[in-house]
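Counting from 1, the numbers follow the sequence of the chain as shown.
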Amino acid sequence: MLTVILLMVLTACSRYSSHYRAVAFVHSNEKTSAFMSFSSFEGRMVFRLRSSGDGEISYTAELGSGDVTVYYDAFGTKEKLFSVSEGEKLSSGGGYVGSGTVYIIVETDGECHNGNLHFRLKD
């Protein structure tokens, strides 16, 4: 019972939550970088990064099929960072961040296949 209550409290404290269905899904979340790679993915994946100063988010994205929209939140407001669709490859940067927590929110519009997304904070 105590474990269930603790889990509920910890989940409720999180600003965003992940919920997804995936096949062959690999992901990593470090202090200033994150990535995800999948054969099949549907839903939302949230990464929590930590910025040490003013900068931006550099990213690369590749998607075999489907549609993905990536948002970020560095100042309490969810902002669109980029979208990637079937067959596209992107490599760019954007999204002003300051010192503190930065959320990267990956959301799909239906099921997506053969995707790779990489994010890195650039101070």
Side-chain angles (χ1 to χ4, degrees):
M1 180 72 157
L2 181 60
T3 304
V4 172
I5 292 171
L6 183 60
L7 182 61
M8 288 173 51
V9 169
L10 291 175
T11 304
C13 293
S14 179
R15 184 169 180 87
Y16 301 100
S17 61
S18 298
H19 53 88
Y20 55 85
R21 290 182 314 132
V23 175
F25 180 49
V26 178
H27 61 92
S28 174
N29 192 157
E30 297 181 13
K31 183 179 176 183
T32 60
S33 66
F35 81 88
M36 63 187 282
S37 178
F38 55 86
S39 174
S40 172
F41 184 88
E42 181 177 9
R44 176 196 291 168
M45 181 68 190
V46 179
F47 297 103
R48 185 173 184 253
L49 307 178
R50 188 87 179 141
S51 176
S52 60
D54 294 344
E56 69 174 10
I57 304 164
S58 67
Y59 57 84
T60 61
E62 180 177 1
L63 190 61
S65 67
D67 294 299
V68 171
T69 303
V70 177
Y71 302 90
Y72 76 102
D73 181 342
F75 300 104
T77 303
K78 184 177 169 182
E79 302 281 339
K80 183 177 175 179
L81 184 60
F82 68 90
S83 291
V84 62
S85 296
E86 183 171 331
E88 285 188 310
K89 292 182 184 182
L90 303 175
S91 181
S92 191
Y96 172 75
V97 300
S99 181
T101 301
V102 178
Y103 295 95
I104 306 289
I105 305 114
V106 179
E107 296 182 351
T108 68
D109 182 18
E111 190 171 37
C112 296
H113 297 278
N114 302 320
N116 290 294
L117 294 97
H118 296 258
F119 308 97
R120 179 171 301 282
L121 295 179
K122 292 171 51 179
D123 293 333

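- For K122, the salt bridge (charged side-chain N to carboxylate O under 4.0 Å, His left out) partners two or more places apart in sequence, or in a different chain, are E56.
- In this structure, the side chains of S83 and V68 stay at 4.5 Å or more apart for every pair of heavy atoms.
- Here the shortest heavy-atom pairing between D73 and K78 reads OD2-N, 4.1 Å.
- To the nearest 0.5 angstrom, H113 atom NE2 is 4.5 Å from S65 atom OG.
- Smallest separation of non-hydrogen atoms from E62 and K89: OE2-CE, 3.2 Å.
- In this structure, Y20 has its ring center under 6.0 Å from that of F25.
- Interatomic distance, OG of S18 versus CZ of F47, reported as 7.5 Å (0.5 Å rounding).
- K31 contributes atom NZ, which lies 10.0 Å from atom CG of L121 (distance to the nearest 0.5 angstrom).
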Checklist entry - Could you go step by step and tell me if F119 and N29 meet the side-chain contact (heavy atoms from CB on, under 4.5 Å) rule? => result CA-CA 10 Å; F119 308 97; N29 192 157; over 6 Å; no
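- Put simply, the residue from I105, L90, L117 that forms a side chain to side chain contact (heavy atoms under 4.5 Å, CB included) with V70 is L117.
- Closest approach of C112 and L63 over heavy atoms only: CB-CD1, 3.9 Å.
- Side-chain contact between I57 and F82 is absent, with no heavy-atom pair separated by less than 4.5 Å.
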Next on the checklist: What verdict does the side-chain hydrogen bond (donor to acceptor under 3.5 Å, both in side chains) test give for T32 and R50, after you've listed the backbone C-alpha separation in whole Å, the side-chain angles of each residue and the deciding distance to 0.1 Å?
Outcome noted: CA-CA 6 Å; T32 60; R50 188 87 179 141; over 6 Å; no
Checklist entry - Are H118 and S33 close enough, and set up right, to give a side-chain contact (heavy atoms from CB on, under 4.5 Å), and what steps lead you there? => result CA-CA 8 Å; H118 296 258; S33 66; over 6 Å; no
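- Of all heavy-atom pairs between K80 and Y71, the closest is CA-CD2, 3.5 Å.
- Checked by atom type and distance alone, the side chain of S91 never pairs as donor or acceptor with a backbone atom of T60 at under 3.5 Å.
- The shortest non-hydrogen separation linking G94 to Y59 is N-CE2, 4.3 Å.
- With sequence neighbours left out, the salt bridge (charged side-chain N to carboxylate O under 4.0 Å, His left out) criterion links R44 to E107.
- Remark: side-chain polar atoms of R15 are paired, donor with acceptor, to backbone N or O of G76 under 3.5 angstrom.
- Put simply, the side chain of S51 gets close to the backbone of G98: a donor and an acceptor are under 3.5 Å apart.
- Annotation: the span from M36 atom CE to H27 atom NE2 amounts to 8.5 Å, rounded to 0.5 Å.
- Y72 and V46 fall into different hydrophobic clusters, where Ile, Leu, Val, Met, Phe, Trp and Tyr side chains are chained together by heavy-atom contacts under 4.5 Å.
- Residues L49 and E30 approach most closely at CD2-O, 3.3 Å, considering heavy atoms.
- Residue Y96 belongs to a hydrophobic cluster whose other members are F75, with links defined by side-chain heavy atoms closer than 4.5 Å.
- The closest side-chain heavy-atom distance from Y16 to I104 is not below 4.5 Å.
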